[in-house]
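Scroll down for the structure; my scribbles are underneath it.
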Amino acid sequence: MLTAWMALEPAKLSDFRLAGALGAGTTARVYGATHIASGRPVAIKVMAEAGQGHELRERFAREALLLADVDSRHVSKILGFGFDKGQPFLVLERLHGETLDAKLRRDGPVPPPIAVHWIEQLIVGVRDCHDKKVIHRDIKPANIFLHQEGGGEMVKLIDFGVAR
């Protein structure tokens, strides 16, 4: 585990220009941001104000460590981890698109060939996690992101907050 932690870039929130909110869950909010020095677009996941407990802080740190060790096209990538005034945050690759949950709520069921294609990609992401001994533990449509890339969609597994 120590090697994964060492691979993470130390981050300071002041290194980023925050934009609007991209989403929120019960324990965290995700914002679009730009790394000031490089101009690289990223997502910043910040623990929600109500979630200041020790257990939630440990969950954030665990998510950073677990994600740092997984290298998969079908798993969201972590770029850094840091604290700002005691508040933990993650720097993640910036994804474009929507969750499977949002798509299903808006459009309803998808044709079977598309569903099979997405499931195949999800299986690759889960396999890559398992190869690194990471168990997601919360696979659901809200944690499956349909990332728009190169004119197509790519499934990315997101939110490793309860992973082990």
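Small disclaimer: the values here were computed from a predicted structure and weren't measured. Values below: all heavy atoms of this structure, side chains included; hydrogens, waters and symmetry mates excluded.
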How about [X] and [Y]: do any of their side-chain heavy atoms sit closer than 4.5 Å?
X    : Y    : result
Y31  : L22  : no
V42  : L92  : no
I36  : F16  : no
L90  : E63  : yes
L18  : T34  : no
P111 : I114 : yes
V75  : K156 : no

| query | Less than 4.0 Å between a side-chain N and a carboxylate O, is that true for R105 and D101? | reply | yes

| message | If the threshold is 4.0 Å, N to carboxylate O, is there a salt bridge linking K45 and D159? | response | yes

With distance as the sole test, does [X] use its side chain to make a donor-acceptor pair with the main-chain N or O of [Y] at under 3.5 Å?
X    : Y    : result
E98  : L146 : no
Q148 : G97  : no
H35  : S38  : yes
H136 : R164 : no
R62  : A163 : yes
D138 : N143 : no

Minimum heavy-atom distance [X]-[Y], with the two atoms named:
X    : Y   : value
V46  : Q87 : CG1-NE2, 3.6 Å
F89  : F83 : CE2-N, 3.6 Å
G125 : S72 : CA-OG, 3.8 Å

| request: Apply side chain to side chain contact (heavy atoms under 4.5 Å, CB included) to V91 and I78, showing your working. | output: CA-CA 6 Å; V91 181; I78 185 165; 5.9 Å; no

Say you draw a straight line from [atom1] of [X] to [atom2] of [Y]; how long is it, rounded to the nearest 0.5 Å?
X    : Y    : atom1 : atom2 : result
L95  : M154 : CG    : CE    : 10.0 Å
D15  : I44  : CG    : CD1   : 9.0 Å
C129 : L67  : SG    : CG    : 7.5 Å
I144 : L104 : CD1   : CG    : 9.0 Å

Can [Y] be reached from [X] by stepping across I, L, V, M, F, W or Y side chains whose heavy atoms are under 4.5 Å apart?
X    : Y    : answer
L122 : V124 : no
I158 : V155 : no
V30  : F81  : no
L100 : V116 : no

| H96/R94 under side chain to side chain contact (heavy atoms under 4.5 Å, CB included): CA gap, chis, key distance, verdict | CA-CA 7 Å; H96 299 280; R94 175 69 165 92; 3.7 Å; yes

| D84 atom CG, over 12 foreign heavy atoms within 6.0 Å | yes

| With a cut-off of 6.0 Å (strictly less than), are more than 12 heavy atoms of other residues, nucleotides or ligands near NZ of K77? | yes

| query | So H147 and F145, would you call those rings parallel, tilted or perpendicular, with 30° and 60° as cut-offs? | reply | tilted

| task | Tell me, with the steps shown, if E153 and W118 meet side chain to side chain contact (heavy atoms under 4.5 Å, CB included). | result | CA-CA 9 Å; E153 273 177 337; W118 291 343; 3.1 Å; yes

| request: Under the side chain to side chain contact (heavy atoms under 4.5 Å, CB included) rule, what do L157 and I139 come out as? Steps first, then yes or no, please. | output: CA-CA 8 Å; L157 190 55; I139 296 174; 4.1 Å; yes

